[in-house]
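Some notes on the structure that comes next.
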There are 2 protein chains.
Amino acid sequence: MKGLGELERSIMDILWAENGPLTAREVGRLIADRDLAPTTVMTVLDRLTRKGFLTRTRDGRAWRYEPAASRDAYVAELMLEALEMTGDRSAALQRFAQAVSGSEAEILRRALTELEE
Amino acid sequence: MKGLGELERSIMDILWAENGPLTAREVGRLIADRDLAPTTVMTVLDRLTRKGFLTRTRDGRAWRYEPAASRDAYVAELMLEALEMTGDRSAALQRFAQAVSGSEAEILRRALTELEE
DNA sequence: ACTACCTCTCTACAAGACGTAGTACTACGC
DNA sequence: GCGTAGTACTACGTCTTGTAGAGAGGTAGT
């Protein structure tokens with residue numbers, strides 16, 4: 001999986017935060033603080049679609065864009081991908097376990113416990 | 001933390017696999033399959049040092065390069081960084097927990113249990 | 001129908017990262 | 001002193017990303 005640039009990330013954040021699919025124009029309005037040309041937003045949406053991060057469907061002349069996967073799925077995938085990188089997965093997992101803060105360790109523990117059942 | 005390119009990764013892999021620090025020449029020999037110019041190896045070692053992935057110490061005229069952190073630490077850091085990205089960390093952690101295979105879930109569980117003690 | 005406007009697709013360009021390497025200088029061994 | 005190893009500096013092509021303009025083709029108001 002490829003990474004995302006900064007603007008790409010901002011736009012994904014907007015779409016992840018939204019329930020339904022948005023048009024380029026709507027995304028542009030939501031990202032108004034950056035004052036981007038409409039075509040800029042369109043270009044990035046297009047690239048994200050080509051990279052597989054978004055899907056789009058027609059709505060009249062316009063496209064509506066929507067994340068192909070949830071942010072959580074994306075994050076989990078990134079984590080797994082990092083994990084792929086090492087020969088010694090257990091060592092990395094142990095380090096990771098030590099690094100997560102207490103409350104998160106608790107969440108993980110609970111998630112793992114549920115798996116068992 | 002920045003990511004690594006392909007050649008950079010190969011070189012980090014070599015150094016991570018090694019116990020002691022290596023010179024550019026030694027790295028070049030170990031990566032012989034790619035038939036790179038010696039200066040190419042040196043350049044990449046230099047860049048990795050500047051990025052903080054390697055440390056180097058003098059050995060006569062030559063430098064000896066060594067990873068600044070273990071591969072496991074790097075992997076764990078990447079995982080944490082991915083986790084930073086989401087607003088809802090627990091959702092991502094739950095997904096992650098579901099995605100790791102059984103034996104790895106076991107390792108994680110054990111690592112988390114040890115933390116408790 | 002004319003005009004204004006919206007949206008799309010295509011193309012472009014600058015900056016930075018990365019793979020790759022040459023050049024020029026220095027120091028050491030023989 | 002000559003060859004060799006090693007360094008620092010510079011360079012260049014390619015790809016990615018942020019940014020956007022140009023042109024085409026609808027749509028709607030007057």
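So you know, we letter chains A, B, ... as the sequences are listed, proteins then strands, and number each from 1.
Evaluation of the side-chain hydrogen bond (donor to acceptor under 3.5 Å, both in side chains) test over residues 30-45 of chain B, restricted to residues two or more places apart or in two chains, returns none. Counting only residues at least two apart or in different chains, salt bridge (Lys or Arg N to Asp or Glu O under 4.0 Å) contacts with residues 38-60 of chain B comprise B:Glu8-B:Lys51, B:Asp46-B:Arg50, B:Asp46-B:Arg56, B:Asp59-B:Arg64.
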Working note: A:Thr55 + A:Thr49, criterion side-chain contact (heavy atoms from CB on, under 4.5 Å); need CA distance, chi angles, decisive distance, verdict.
CA-CA 6 Å; A:Thr55 59; A:Thr49 305; over 6 Å; no
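Here the range on DNA chain D touched by chain A, meaning any atom under 4.0 Å from one of its heavy atoms, is D:dT17 to D:dT27.
Between B:Lys51 and C:dC18 there is a side-chain polar atom (N or O) within less than 4.0 angstrom of OP1 or OP2.
Using a cutoff of 4.0 Å between basic side-chain nitrogens and carboxylate oxygens, B:Glu114 and B:Arg110 are not scored as salt-bridged. Salt bridge annotation for A:Arg109-A:Glu106: present, with a cationic side-chain nitrogen under 4.0 angstrom from a carboxylate oxygen. A salt bridge is defined here as a Lys NZ or Arg NE, NH1 or NH2 lying under 4.0 Å from an Asp or Glu carboxylate O, and B:Asp88 with A:Arg71 fails to meet this definition. Under a 4.0 Å N-O distance rule, the pair A:Glu77/B:Arg95 does not qualify as a salt bridge.
With rounding to the nearest 0.5 Å, the separation of CD in B:Glu104 from CG in A:Leu93 is 5.5 Å. If you take CG on B:Asp13 and CG on B:Leu30, they are separated by 12.0 Å, rounding to the nearest 0.5 Å.
The backbone N or O of B:Arg89 lies less than 3.5 Å from no partner atom in the side chain of B:Thr86, so there is not a single donor-acceptor pair. In this structure, the side chain of B:Trp16 engages the main chain of B:Ala69 through a donor-acceptor pair within 3.5 Å.
For residues 6-37 of chain B, proximity to DNA chain D is found at B:Arg25, defined as any non-hydrogen atom under 4.0 angstrom from a strand atom. Listed by residue number, the members of residues 54-68 of chain B with any heavy atom below 4.0 angstrom from DNA chain D are B:Arg56, B:Arg58, B:Arg61, B:Ala62, B:Trp63.
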Identify each atom pair where a protein N or O and an N or O of nucleotides 10-16 of chain C are less than 3.5 Å apart, giving names and distance.
none

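Atom CG of A:Asp46 and atom P of C:dC8 are 9 Å apart (whole Å).
A:Leu15 and A:Met42 are members of different hydrophobic clusters when ILVMFWY side chains are connected at heavy-atom separations under 4.5 Å. Both A:Tyr65 and A:Val27 sit in one connected hydrophobic cluster of ILVMFWY residues. Membership requires side-chain heavy atoms under 4.5 Å apart, directly or through other members.
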